[in-house]
Each structure stands twice: as structure tokens, then as C-alpha cells.
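See below for the structure under consideration.
Every chain is numbered from 1, with letters handed out A, B, ... down the list of sequences.
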Number of protein chains: 2
Amino acid sequence: MDFLDEPFPDVGTYEDFHTIDWLREKSRDTDRHRKITTKSKESYWELIKSLLDAWSGWVVMLLIGMLTGTLAGVIDLAVDWMTDLKEGVCLSALYYSREQCCWTSNETTFEDRDKCPQWQKWAELMTGHSEGAGAYVLNYFLYVLWALLFSFLAVSLVRVFAPYACGSGIPEIKTILSGFIIRGYLGKWTLLIKTVTLVLAVSSGLSLGKEGPLVHVACCCGNLFCSLFSKYSKNEGKRREVLSAAAAAGVSVAFGAPIGGVLFSLEEVSYYFPLKTLWRSFFAALVAAFTLRAINPFGNSRLVLFYVEYHTPWYMAELVPFILLGVFGGLWGTTLLGKYPVLEVIVITGITAVLAFPNPYTRRSTSELISELFNDCGALESSQLCDYVNNPNMSRPVDDIPDRPAGPGVYSALWQLALALIFKIVITIFTFGMKIPSGLFIPSMAVGAIAGRIVGIAVEQMAYHHHDWIIFKNWCRPGADCVTPGLYAMVGAAACLGGVTRMTVSLVVIMFELTGGLEYIVPLMAAAVTSKWVADAFGKEGIYESHIQLNGYPYLDVRDEFTHRTLATDVMRPRRSEPPLAVLTQDSTTVEDVETLIKDTDYNGFPVVVSRESERLIGFVQRRELTVAIKTARQKQDGVVSSSVVYFTEDNPQVAEACDPQPLKLRRILNLSPFTVTDHTPMETVVDIFRKLGLRQCLVTRSGRLLGIITKKDVLRHMAQMMNQDPESIMFN
Amino acid sequence: MDFLDEPFPDVGTYEDFHTIDWLREKSRDTDRHRKITTKSKESYWELIKSLLDAWSGWVVMLLIGMLTGTLAGVIDLAVDWMTDLKEGVCLSALYYSREQCCWTSNETTFEDRDKCPQWQKWAELMTGHSEGAGAYVLNYFLYVLWALLFSFLAVSLVRVFAPYACGSGIPEIKTILSGFIIRGYLGKWTLLIKTVTLVLAVSSGLSLGKEGPLVHVACCCGNLFCSLFSKYSKNEGKRREVLSAAAAAGVSVAFGAPIGGVLFSLEEVSYYFPLKTLWRSFFAALVAAFTLRAINPFGNSRLVLFYVEYHTPWYMAELVPFILLGVFGGLWGTTLLGKYPVLEVIVITGITAVLAFPNPYTRRSTSELISELFNDCGALESSQLCDYVNNPNMSRPVDDIPDRPAGPGVYSALWQLALALIFKIVITIFTFGMKIPSGLFIPSMAVGAIAGRIVGIAVEQMAYHHHDWIIFKNWCRPGADCVTPGLYAMVGAAACLGGVTRMTVSLVVIMFELTGGLEYIVPLMAAAVTSKWVADAFGKEGIYESHIQLNGYPYLDVRDEFTHRTLATDVMRPRRSEPPLAVLTQDSTTVEDVETLIKDTDYNGFPVVVSRESERLIGFVQRRELTVAIKTARQKQDGVVSSSVVYFTEDNPQVAEACDPQPLKLRRILNLSPFTVTDHTPMETVVDIFRKLGLRQCLVTRSGRLLGIITKKDVLRHMAQMMNQDPESIMFN
């Protein structure tokens with residue numbers, strides 16, 4: 001028996017920052033599956049084991065959903081509490097946020113609902129005075145101090161313990177899902193630090209959101225549970241199926257939108273998404289959403305982050321402002337793509353806190369702000385934004401209020417919103433790229449929502465004061481409720497989010513899940529399409545793609561169309577001026593030759609040919625497996641010395657003389673079905689093959705003779721060249 | 001200049017019942033696109049043309065959406081009118097359906113709303129008596145007569161004018177989308193006849209639905225508009241992108257569920273679904289849905305077919321009946337898969353009409369039945385199903401009615417429902433497979449909804465009468481509203497639909513769009529998963545797949561996992577006992593040889609090798625192009641005779657003597673990048689390559705020597721063999 005029939009240790013794993021071979025992973029999984037199926041017929045125990053194996057996918061999904069939902073709930077609660085901690089504290093229980101504190105207080109009548117004696121601002125607690133300039137300054141000072149403390153803690157924890165925890169993580173996850181290995185990026189340590197620092201970063205009041213990082217957190221959970229099952233931990237392809245589903249669960253809890261989450265994963269994040277994954281992702285997303293609802297961090301038993309109910313239809317004429325909001329969103333998407341360096345977190349936090357405190361719209365948490373901006377003004381709304389002049393003899397139901405003139409509250413709110421808009425735009429641009437967990441979803445939505453609400457109120461007041469204008473005459477009679485400013489805010493938010501991420505269907509679906517009605521899909525679509533077109537016209541790529549390029553990850557985008565006329569021969573190595581390809585022959589290379597080749601080159605593998613003269617290809621051997629095989633043979637197999645011949649043929653070679661050293665048979669590690677294309681194959685087809693089959697490399701032949709090799713990096717380099725980019729910037733360093 | 005540089009007429013088209021080559025179609029589109037881009041820099045006119053070309057995709061989607069929505073609206077209106085015509089007629093306007101007739105009547109008070117003097121049953125109109133046995137018999141007789149007339153018209157029209165119009169068409173559309181050519185299947189004639197006969201078939205009262213056929217109708221619209229743009233009409237690959245989107249529009253109008261439609265197209269129907277198509281499908285689905293709403297055939301301005309609003313949550317204990325309904329749905333899915341022959345349409349219609357008339361639940365249209373079964377019983381509900389014994393001192397709001405004991409109406413309704421269930425099951429099984437347009441969605445949903453409602457009422461009454469039972473004690477206190485029978489009906493409908501089609505995510509999303517709340521997703525999912533598992537356990541495939549197999553279409557399912565250990569060498573032709581592969585040599589075949597080869601074989605193409613001795617592959621030439629090229633050369637090129645040498649090399653061959661006939665250069669039609677695999681490639685990988693790249697054939701080599709060829713049909717035949725099916729049954733005849 002040949003000892004090499006035993007599997008080598010470590011064979012099948014990849015090195016850090018290398019690309020996986022999807023076809024190989026898939027065929028390894030089929031082998032595993034075949035073995036289990038065969039065994040399962042042998043005994044009941046094996047049958048049970050095979051059933052467990054078949055169910056492990058669902059178990060992993062269940063676990064991911066539950067942990068993701070729980071973490072999201074914990075993060076929500078912690079952020080709520082710490083955001084309020086900057087302003088004051090709950091006397092009845094220190095760990096209560098303001099809202100929880102005031103729930104438990106006994107003032108339940110309508111007039112007293114804004115009073116809450118248990119909740120004390122810092123100044124009141126420390127000096128006993130709640131009014132006056134002194135108290136204001138003290139509150140202001142402590143607000144800034146807390147913010148600085150939180151952000152300092154966040155940035156230090158990230159720097160010291162888990163540098164991978166910074167940013168949203170979505171570009172890296174896209175790259176990992178496309179088949180790249182980044183060890184530790186989805187590790188336990190990253191999970192822990194990211195969760196903690198995410199809370200700190202959001203609570204510090206910086207202009208960042210927790211939604212993007214939640215996707216990273218969910219993928220860390222996915223990776224964690226993969227390690228429980230050898231089916232997933234030992235197969236990088238299967239692992240990525242789980243991670244795709246985890247990403248869906250992450251978005252699901254971020255917005256309370258399970259279907260949107262699945263589509264986000266499908267449209268934005270995933271690379272290989274078989275239908276089985278679609279179904280499982282949906283399951284994970286649902287479990288996550290329901291776990292989160294069970295924790296109920298928002299205290300309203302709603303699944304969604306921003307629940308809204310509008311009572312008025314929209315009119316065709318309103319499409320004009322909606323499309324304008326789309327243009328704004330597209331412009332916002334391109335603004336962010338500047339390459340601002342990493343600025344000091346503390347400075348930005350200080351500036352953010354100092355500027356944010358005086359304006360009520362920037363002081364509160366961004367999610368609350370968006371929530372208020374989306375809201376329709378009912379009759380009982382106490383918000384400043386709903387301070388309209390009421391008609392005294394109004395006797396309509398609560399949900400059908402006609403357009404009214406704006407009161408002084410609305411006008412002052414408008415000013416504050418305009419200032420908040422400028423502030424948010426500037427500060428988000430500077431916050432973006434800081435080395436702490438940070439997402440762009442919520443800040444972008446906030447920018448859009450503010451702009452939208454301003455436009456909405458403007459249109460509403462115009463319609464009220466100028467019923468007779470030709471544009472309003474047809475659809476807005478006096479006394480009718482024709483404009484919903486909250487809807488404008490929502491359209492604006494969708495437009496800005498779409499401009500940044502270039503999401504399309506998933507964006508509309510997420511928004512649809514928030515509103516729960518098909519009624520408003522057309523305005524949302526109009527804005528999303530406009531913003532995508534405007535953003536595409538200015539900068540070619542979305543935030544994730546440009547981040548991937550900035551970092552030089554080897555990501556082969558499914559959406560980039562390759563339309564140049566180059567052929568495989570133009571891309572393959574070696575080029576004309578380069579030395580010939582490093583190959584092995586099937587029966588004339590010695591162990592020493594192979595070892596020299598391994599030492600002198602850093603290729604991932606070597607083609608094996610019949611002979612150097614004929615150059616007819618018979619297979620491909622991986623560098624890693626070659627190294628391991630020779631090392632093992634040297635240790636365990638007698639008679640293998642440096643001058644032993646390595647042979648890959650099926651039959652043993654004729655040993656000419658007795659004194660010749662024993663040959664080393666390595667056919668077992670030879671891949672007999674390497675992927676080949678002819679030198680005349682258009683690069684367009686080659687790119688397509690790399691994408692769809694997830695290849696690592698491909699050999700180039702002409703009428704059976706080996707000419708060269710094309711690796712995934714060669715393809716990426718060539719694509720960069722064709723787009724007049726610096727090909728070296730593409731490569732991960 | 002070589003005359004062969006001119007494109008041949010007809011090159012690039014495929015014959016009927018042949019498979020397209022996706023890679024080739026794609027590369028042809030890229031060429032076209034490249035040409036337009038280059039030209040667009042030349043003049044403004046070309047620039048405008050290139051912009052128009054870029055926009056044509058959206059224009060096609062808009063047109064498809066509008067036509068599909070319009071046709072769906074017209075079909076709905078016509079079906080409504082003709083279904084009612086079987087019972088009576090509207091005196092004020094003959095073309096009004098009963099509902100429209102009664103709208104316009106003046107009895108608008110609540111008590112009189114069921115009276116409607118303008119609407120007269122046939123007996124009343126003809127004899128003046130509306131009551132009594134005589135009137136009943138006359139009505140009965142005319143009902144059956146009308147039904148027979150409609151179905152006779154339907155079956156005759158299909159038989160005479162468009163045999164492709166029968167069935168739902170979804171299996172064929174799946175096959176077409178996977179790259180098969182069936183000429184006329186999506187033609188104008190099919191569109192017209194299908195639309196007309198669909199109305200007739202549904203109105204005849206047969207147990208069939210219009211939802212599946214609407215997908216076919218939408219795809220016909222898609223094909224129609226493709227012919228307006230050469231971009232789509234001349235490229236079979238691009239055409240299929242449009243058809244995928246059209247299928248989404250079809251489902252969108254069938255259920256009023258645009259998102260569900262897109263997912264249905266993605267999950268069930270489509271083969272090649274790039275992200276661009278996702279976005280466009282969504283657009284087409286939305287346009288279709290809004291066009292339908294503008295026509296407003298249901299008269300309620302709702303987009304969805306069955307709009308429901310429930311007010312009670314569901315409880316964990318209820319999952320047990322929900323899962324039981326799932327089992328029922330799965331069993332229903334397997335029942336239908338029997339191979340009942342085509343029975344006589346008229347006989348079945350007669351039996352259906354005779355049996356359906358006496359039972360109120362089978363007499364009305366199936367959609368109305370489902371609608372009523374889904375409904376929650378509000379206080380004002382007049383349906384027999386809502387005949388509960390009311391608590392006299394009830395003072396709750398309309399939408400929160402506690403569980404009540406069933407009245408006599410409910411009990412008699414239960415009996416009628418049980419009879420209707422048996423009737424529907426039996427008659428649907430016999431109706432299935434008839435040669436008229438027929439869908440299974442609605443009959444399946446009806447079967448499930450009836451079963452679900454029965455179970456729901458049973459659980460409700462159990463809960464009312466036995467509050468103290470341990471299973472009810474925790475969640476169902478006396479006076480509480482704990483069971484919603486309508487929800488059970490919906491879960492049952494989803495389960496049966498899932499069992500038949502094996503839809504998963506799209507099913508849940510369609511149901512979600514119907515209810516508009518995430519609340520009930522878990523029951524729906526539980527039922528859908530159970531029914532899928534049960535159905536999978538009994539019969540391996542869904543209705544569409546088994547239909548495809550029955551008809552022997554060459555469909556390579558993306559979902560079938562190929563897990564056998566065979567290699568390419570086991571599948572390739574020629575087998576050991578067969579004569580060697582028919583090949584051409586690059587410079588030693590004469591025109592006569594080629595013509596003989598074409599005459600003697602029926603292969604789609606021939607590999608070209610260096611020489612018969614070395615067998616080194618240099619390319620592949622299509623039969624069709626070879627035939628055309630030789631025919632053209634014989635006509636137009638002087639000196640080409642039977643003994644002329646055909647050569648495929650780059651350089652002109654040495655013409656040895658002056659008397660030798662002039663050679664024929666055919667390199668232009670040689671595909672220099674044929675797809676090859678080695679003989680050791682696992683079939684699993686080969687299947688994957690065929691699926692993902694959409695190949696037509698693939699050559700097999702070993703160290704550069706050509707060994708054989710694998711076509712898509714070889715792959716399918718092998719897969720059938722491995723699953724112990726008759727390989728010959730797989731092939732389309």
C-alpha cells in the first residue's frame with residue numbers, strides 16, 4: 001500500500017491572503033458527502049450521523065440567527081443607555097435609559113408624560129439646579145467629556161486588541177465571500193471587540209451608524225458557529241455559504257427587514273449564492289429578527305427600526321421633488337468617495353460633541369432623529385416639527401388632518417434642520433474612515449431625511465398658501481391633506497443610502513418593509529434610480545467597491561463588464577521577455593530539482609508536462625501539497641534521497657540500475673483535470689470563467705502544448721490596465 | 001480581401017429544438033456593444049443611437065409591464081363577466097358583471113345591499129319566477145350549458161390555432177430560459193389564443209387557475225417586444241434576460257405581488273439571472289402591477305388578489321395544526337404528480353359543472369372562494385362562515401371579537417366545505433393535464449384554504465368549549481380572541497401551493513405581500529418547509545420539473561446535485577465500441593470529404609485537429625456555418641471544386657502543383673477557443689461547467705490529444721442513467 005494514499009495533514013487549507021479554489025472546495029465537499037452517504041448504509045449510528053450532518057446547516061442558521069439577534073438587542077440597549085448617560089442618569093436604577101426610567105415612573109397622565117422626576121440631568125444631580133446658564137454649561141461640558149471618554153476607549157480598544165474591528169467591514173466581507181482568506185477578520189476576538197467598541201463609538205455621538213458593523217458582527221457569529229461543524233470549518237466554500245446567510249441576518253436585525261436582508265446579501269455582498277443558501281439565509285434572517293423582537297429593545301414590539309404609517313396617497317406632480325431628492329442622494333454618494341485620511345478620532349469627537357449639543361436635532365441619537373423625521377404629524381404629536389396652526393373647529397379623525405399653515409415651532413425647526421444638515425454632511429465626511437467601528441447607513445439616511453423633510457415642509461406650505469397655482473390645482477384642494485413631509489424624509493433617506501451603496505432592489509425592499517405598503521414604492525424607486533444614475537455618472541463605484549480598490553483586495557466584481565478585445569495570450573505569464581514557465585516533467589525531475597524550484601519561486605503550483613520538448617500538459621500540482629509530500633516522504637519513506645526521481649505517471653518507471661535511488665511516486669497529489677483555455681480565447685470569456693467557476697488559475701495551451709498560466713491576480717491586473725488604472729495598486733500588499 | 005470576412009446570412013441563429021451556446025451569445029453581444037461604443041464617438045447621431053440602445057432595455061421592460069398589466073386586467077374583467085353570465089345577466093348593461101351591475105344600482109343602504117334588481121338570473125329573466133324547483137332546474141341546466149359551451153370553444157381554439165397555448169406553460173418557459181429553442185412557443189398567435197382561451201377555460205368553471213398561464217402570457221409579451229429591438233431579437237441570450245423579467249411581471253399581476261414575482265422568477269423559472277436583470281425585472285413587475293391597479297378589475301383599488309387584515313397574533317401551540325397543514329400540502333403535491341392522461345375536456349367540464357352548482361362553495365369562482373376563506377369574521381360580515389352566536393352585550397370594537405360558539409350557518413358551511421374539498425381534490429387531479437390553458441396555483445390554494453379553514457374552525461371551537469384543556473389554558477382565556485380561522489386557511493393555501501411547486505422563499509414573500517405583515521411569516525414558513533419536506537420525501541421533484549421530464553426537454557437543473565464519481569471519460573462519445581470521432585484536419589480534408597461527413601452525420605459541429613496521427617486539437621467548427629460556407633464558396637469563389645482542399649491554418653498551404661484546384665480557406669469560421677476538459681475531470685465538475693457557462697458541447701482531451709466530445713444531451717443522459725432512469729426518455733423527440 002502506498003503511504004501517500006493517506007491524506008496529508010493540512011492539505012486543503014489555504015494560506016493567509018490567498019484565494020480559494022471554488023471548484024476544488026466543491027468537489028471536496030461532494031467527496032465528503034459521498035463518504036457519509038456510503039457509510040450511512042452500514043449502521044444505524046452512521047445513519048443518524050448522516051442525518052445530523054444533513055441538518056447541521058439548519059442548526060448553524062438557527063444559532064447564527066439567535067446570537068445575532070441577541071447581540072443586536074444588547075447593542076441597542078447599551079447604546080440607548082450610554083447615549084442618555086451623556087446627559088443624565090436614572091435615579092431609580094442606574095442601568096435604565098431615560099425612556100425606561102420614565103416608563104417606570106408613575107406620571108402616566110397625558111400632561112405629565114414629558115415630566116419624569118426619576119431622570120435627572122447631571123447639573124440637576126450635582127448642583128440641584130436644572131435651569132439657568134450654569135446648569136446648561138455644566139451639562140454641555142459633561143456631554144462633551146463623556147463623548148470624549150467613549151471615543152477614546154473605542155479607538156484604544158480597537159488599536160490594541162483587534163485592528164480588524166474598525167470600519168463597517170462590509171468591503172472585507174465582500175472580498176472574503178468572493179474567496180479570499182483574511183485570517184482573524186471574522187475571529188472571536190474581533191467579534192468581542194467590535195461589539196464593545198461599536199457601542200462606545202455610537203454612544204459617543206459621532207456621525208456613524210451601527211447597521212453596517214452589525215453585518216460584520218453577524219458574519220463573526222457565522223464563522224464562530226462554523227467551527228462547531230467540520231462540514232463548514234474544513235471547507236472554505238461551504239463556510240462562505242454560511243457567511244452569506246449571516247450577512248442577511250445582520251441586515252435583518254439592523255433594519256428589522258428580513259426579506260431586505262436576504263436581498264442585500266444577494267445583491268450587494270455575496271458572490272456564490274446557490275438557491276439552497278437563499279432559503280437558509282431567509283431562515284437565519286427570520287430567526288434573528290424574531291430574537292431581536294423578543295428582546296424588544298425599542299420597547300414598542302415593532303420589528304422595524306422606523307415604523308411609519310402614512311394616510312395620504314402621493315401624486316404624480318410630487319415625483320419632481322422626489323427625483324430632485326434622488327439627485328441630491330446621488331451627489332451625496334459621490335461626496336463621500338473622496339479619500340480623506342484617517343483623522344484623529346478624539347479631535348473629531350470633540351468637535352462633533354461641541355457642535356452637536358446646542359442643536360436638538362443633532363444632540364439626540366441619529367436613529368431617533370430619523371424616526372422623528374419620517375413621522376407623519378398626527379393630532380397628538382408633541383414634536384416641534386408638528387407645531388402647526390390648528391383649525392379650531394376641526395372635527396376630523398386623528399389620521400386625516402388637512403394641510404395647515406406652519407406655526408413658529410416648524411419655522412424654528414426648519415432653521416435648526418438646515419444647520420443640522422450642514423453639520424451632518426461635513427462631520428460625516430470627516431468621520432468616514434476613522435479607525436473605529438462605523439457604518440454609513442444611518443448617517444447617510446439622516447442626511448437624506450433632513451433634506452427630504454425640509455423639502456417636504458416647503459412643498460406642503462407652498463401647496464397650502466398657493467392652492468391656485470397650476471401645479472397644485474389638480475390635486476390639492478383647500479382643506480385636503482395632500483403633502484406628507486414624512487414621506488419626503490423617507491424618500492430622501494432612501495436616495496442618500498442608494499447613492500452611497502448603489503443598492504437598488506434591496507434598498508426598495510428594505511424601505512418597503514419599513515412602511516409595509518406597496519403604495520410608496522414608486523416614489524422610493526424613482527429616488528433610488530435617480531440617485532444611482534447620478535452617482536454612477538460622477539464616480540463609477542459604490543462605497544464598498546471603492547473601499548475594496550483602495551485596500552487593493554483581489555476582488556473580481558460580478559458586475560464589471562469586461563468588453564475589451566484582448567486574448568488569453570496577451571495576459572498569460574510568462575510574457576515574451578520573461579524566462580520560461582516553471583514546470584515539472586512527469587518522470588525526469590529529481591527531488592532536488594523540485595526543492596530548488598520551490599525555494600526559488602513563490603508560485604502557488606506548477607504544471608506537469610510530459611517532457612520539456614513536447615510540453616504536453618498532463619496536470620497541475622499545488623506547491624503546498626508538493627512541499628508536504630516531499631517532506632513526509634523524506635521522513636517516512638526509505639530510500640528517498642535528493643537524487644530520487646519524482647514521477648507522476650500511472651505506471652512505475654523502469655528503474656534502470658539497481659544502484660539508482662528509489663523513485664518517489666506523487667501521482668496522488670497531481671490534479672489531473674487542470675483548467676485550460678486556448679491562447680486564442682477572448683479575455684472576456686476567461687474573465688467569465690474565472691468569475692463563474694471561482695478559479696484560482698487557468699493554464700493556457702495551443703493545440704495541446706502548454707504556453708503559460710493565468711492567475712486570478714493576472715486577470716485583475718489586466719482589467720485594471722484596461723481601465724487605465726495602475727495595475728500594481730490593485731494587488732493586496 | 002477574403003470574401004469570407006463578410007458575415008454569412010443566418011449565421012448565429014439556431015435551429016428549432018436546439019440548445020443555444022450562452023458563451024457565444026454573450027461574446028456576440030459584447031462585440032455588438034463594442035461596435036456601438038466605437039461608433040458613438042464618430043458623430044452625434046451615432047451617440048444618440050448608442051444612448052437609445054442603452055435605454056432600450058428599460059423601454060422593453062416598460063412596454064412589457066404595461067401590456068402584461070393591461071392583459072391581466074382585461075382577463076380579470078372578462079372572467080368576471082363570463083363567470084356571472086353562467087348564472088344570469090345584467091339588464092342595465094349586458095357587459096356588466098354581477099358586481100358592477102349591483103354597484104350601479106341605487107340600493108345603497110346596508111339592508112338592501114344584497115338585493116339588486118338590475119341583475120336577473122336566467123330563470124327569472126325567462127320565466128319571471130325566481131323561486132321554486134323549476135327555476136332552480138332551469139338555472140342549473142343553463143349553468144351547465146354555458147360551461148360546456150365555454151370549454152368547447154376553448155379546447156377547439158387551442159387545438160386548431162395554437163397547440164402551444166395549453167397548460168400553464170411554466171415548464172416550457174423554464175426550458176426555454178435554460179437555453180432551448182422552441183419556435184412559436186412565445187409567438188403572437190400563441191399570445192392571442194392563450195389569452196382568449198384562458199378566459200374561456202376559467203369561466204367554464206373548471207378547476208384551474210389563470211395565474212400560471214399569465215406567466216406564459218407575459219413571456220409572450222416579452223418576446224413580442226424583443227422583436228422591436230435587434231439587440232434582443234438577434235441575440236438569444238439577451239432575449240432570455242428579457243423573458244426572465246417578463247415572467248416576474250406575470251407573477252406580479254397574477255397575485256399583485258411584485259417582489260414575490262421577482263423572487264419567483266429568480267427561484268423557480270430563471271436560469272441565467274444577472275443582477276442587471278434583477279433590477280429590470282423589478283421595474284417590469286412594478287409597472288405591470290400599477291397598470292393592473294389603474295384598470296382596477298377587482299374594484300377595490302387594492303393591488304393584491306386576496307387582501308386580508310388579521311388582528312390577533314398567533315401562538316406557539318398553533319404551530320402544531322400549521323405543521324399538519326404543511327404535511328397535507330406536501331401530500332397534495334405528490335398526488336398531482338400521477339400521470340393522468342389527457343381526458344376529454346367536455347366530459348370533465350360537464351361533470352364539474354353538474355357537481356359544482358348545488359354547493360355554494362364550488363359554484364362561485366375559485367378566487368372568490370379563497371378570498372372568503374381567508375377572511376377574518378368581523379362584526380358586519382354577512383357570510384355563512386361568520387354565522388357565530390353573538391354575545392348580546394358585546395361592546396368591543398369591530399376588530400376585536402372574542403371567540404364565539406359557532407351558529408348553525410357555520411356547521412352547515414363546514415359540511416359544504418368538506419364536500420367541496422373532496423370535490424376539488426378529485427376534479428383538480430382529473431383537470432390537470434387537459435389541453436387548455438390551465439394553472440395549478442389557484443386550485444391548489446383552494447384545496448389548502450378549504451382544509452385550513454376546516455381545521456381553523458375546529459381548533460377555534462375546541463378552544464371555545466374547552467378553555468381548561470392544558471393546551472389552551474396558557475394562551476386562550478375565556479372571552480379572548482385567540483384563533484383566527486382565516487389564518488389557517490391562508491397557511492393551508494401556502495402549504496398546498498408549496499407542495500405542488502416546491503417554492504420556498506418566493507412563496508413566503510408572495511404570502512407576505514398579501515397580508516402585508518411580518519407577523520404571520522413564521523406560520524407560513526413552518527407550513528411551507530413542512531410541505532416541501534414531505535413532498536420531497538415522496539416524489540423527488542416539483543410539478544414543473546416532473547413536467548419537463550415527462551416531455552423530455554433537455555433541461556439541466558441547477559438544483560440537482562450530481563454526486564457520483566464518474567469521470568469525463570465515462571461519458572464522452574465515442575464509446576469504446578463506437579467508430580472514432582468524426583473530425584476534420586487542418587489542411588488535408590477536401591471539400592468532398594467535408595460534404596460527405598455533413599451528409600453522413602448529424603452532429604452539430606466537428607473538431608478540427610492538426611492531423612489524424614497526432615490528434616492535437618486546434619478548434620471546433622459548427623455544422624451550420626460549415627454548410628453555409630461551402631455552399632457560398634461553391635457559388636461565388638472560382639476554382640472551388642470537390643477536390644479542393646479545405647484548410648483552417650493561418651498561412652496559406654503550399655499548393656504543390658499548378659494543376660491542383662484552388663484551396664478553400666475556412667479559418668474564419670473556426671472557433672479557436674473550444675472548451676476542453678481532460679478525460680480525468682470528474683463529471684461533477686463537468687456538470688458544473690455546463691450549468692454555469694451554459695455550454696452546448698465540450699471536447700475531451702488527454703495531454704493535448706483529442707479523445708472525444710461531451711454534449712449537453714450526453715450530460716443529461718448520463719445523469720438520468722445515474723439516477724436509474726431510462727436515459728432515452730430524457731431526450732426531446
Side-chain angles (χ1 to χ4, degrees), chain A residues 23 26-27 30 33-34 37 256 258-259 262 266-267 274-276 278-279 282-283 286 289-290 303-304 504-505 508-509 512-513 516-518 521-522 525 558-559 561-565 568 610 616-619 672-674 676-678 680-682 684-685 688-689 692-693 701-705, chain B residues 23 26-27 30 33-34 37 256 258-259 262 266-267 274-276 278-279 282-283 286 289-290 303-304 504-505 508-509 512-513 516-518 521-522 525 558-559 561-565 568 610 616-619 672-674 676-678 680-682 684-685 688-689 692-693 701-705:
Chain A
L23 268 185
K26 198 167 175 198
S27 107
T30 317
H33 191 253
R34 205 146 44 196
T37 316
I259 301 172
V262 173
L266 172 68
E267 192 187 359
L275 279 172
K276 213 164 61 181
L278 187 70
W279 191 213
F282 194 54
F283 180 68
L286 270 179
F290 277 90
L303 204 54
V304 299
T504 52
V505 181
V508 176
V509 172
F512 162 66
E513 286 188 77
L518 281 172
I521 274 197
V522 171
M525 256 194 76
V558 192
R559 274 166 291 185
E561 303 242 341
F562 186 85
T563 52
H564 303 277
R565 296 196 84 149
V610 172
R616 295 209 329 218
L617 180 73
I618 64 158
L672 285 164
S673 52
T676 58
V677 294
T678 67
H680 271 88
T681 312
E684 184 198 327
T685 308
D688 219 39
I689 294 171
K692 288 196 180 147
L693 302 178
T701 60
R702 180 197 286 162
S703 44
R705 271 184 53 223
Chain B
L23 269 184
K26 201 170 171 195
S27 107
T30 318
H33 191 252
R34 204 148 44 199
T37 316
I259 301 173
V262 173
L266 172 68
E267 193 188 356
L275 279 171
K276 212 164 63 182
L278 188 70
W279 191 214
F282 193 55
F283 179 69
L286 271 178
F290 277 90
L303 203 53
V304 299
T504 52
V505 180
V508 176
V509 172
F512 162 68
E513 286 188 78
L518 282 172
I521 275 195
V522 171
M525 256 194 76
V558 191
R559 273 166 293 184
E561 302 243 340
F562 186 84
T563 53
H564 303 278
R565 297 195 83 149
V610 172
R616 294 205 334 214
L617 178 73
I618 64 159
L672 285 164
S673 52
T676 60
V677 294
T678 69
H680 271 87
T681 312
E684 184 198 329
T685 308
D688 220 39
I689 294 172
K692 290 197 179 145
L693 301 179
T701 61
R702 181 197 287 162
S703 43
R705 271 184 52 224

(Q) Need one label for A:Glu267: side chain, backbone, both or neither, based on atoms under 4.5 Å from any heavy atom in chain B. (A) both
**Q.** Contacting moiety of B:Arg705, where chain A heavy atoms sit under 4.5 Å
**A.** side chain
Q.
Just by distance, no angles: are the side chains of B:Ser27 and A:Thr685 close enough, under 3.5 Å, to form a donor-acceptor pair?
A. no
Q. Hey, what do you get for CG (A:Asp688) to NZ (B:Lys26), rounding to the nearest 0.5 Å?
A. 3.5 Å
Q) Side chain, backbone, both or neither: which part of A:Val262 has a heavy atom under 4.5 Å from chain B? A) neither
Q | Contacting moiety of B:Phe283, where chain A heavy atoms sit under 4.5 Å | A | both
Q: Working to the nearest 0.5 Å, report the span between CZ of A:Arg702 and CG of B:Leu617.
A: 13.0 Å
Q. So which of A:Ser673, A:Pro682, A:Gly704 has the biggest tally of heavy-atom pairs under 4.5 Å with chain B?
A. A:Ser673
Q | A:Thr681 versus A:Thr678, side-chain donor and acceptor atoms under 3.5 Å | A | yes
Q. In chain order, what residues pass the side chain to side chain contact (heavy atoms under 4.5 Å, CB included) check against B:Ser703, with sequence neighbours excluded?
A. A:Val610, A:Arg616, A:Ile618
Q.
Taking ring-ring contact (aromatic ring centres under 6.0 Å, His included) as the definition, give me every residue that meets it alongside B:Phe282, ordered by chain and number, with sequence neighbours left out.
A. none
Q | Side chain, backbone, both or neither of A:Leu23 within contact of chain B (heavy atoms, under 4.5 Å) | A | side chain
(Q) Tell me which of these, A:Thr30, A:Leu266, A:Leu672, A:Thr504, has more heavy-atom pairs under 4.5 Å with chain B than the rest. (A) A:Thr504
Q: Specify which of A:Val677, A:Thr37, A:Thr701, A:Leu693 makes the most heavy-atom pairs with chain B at under 4.5 Å.
A: A:Leu693
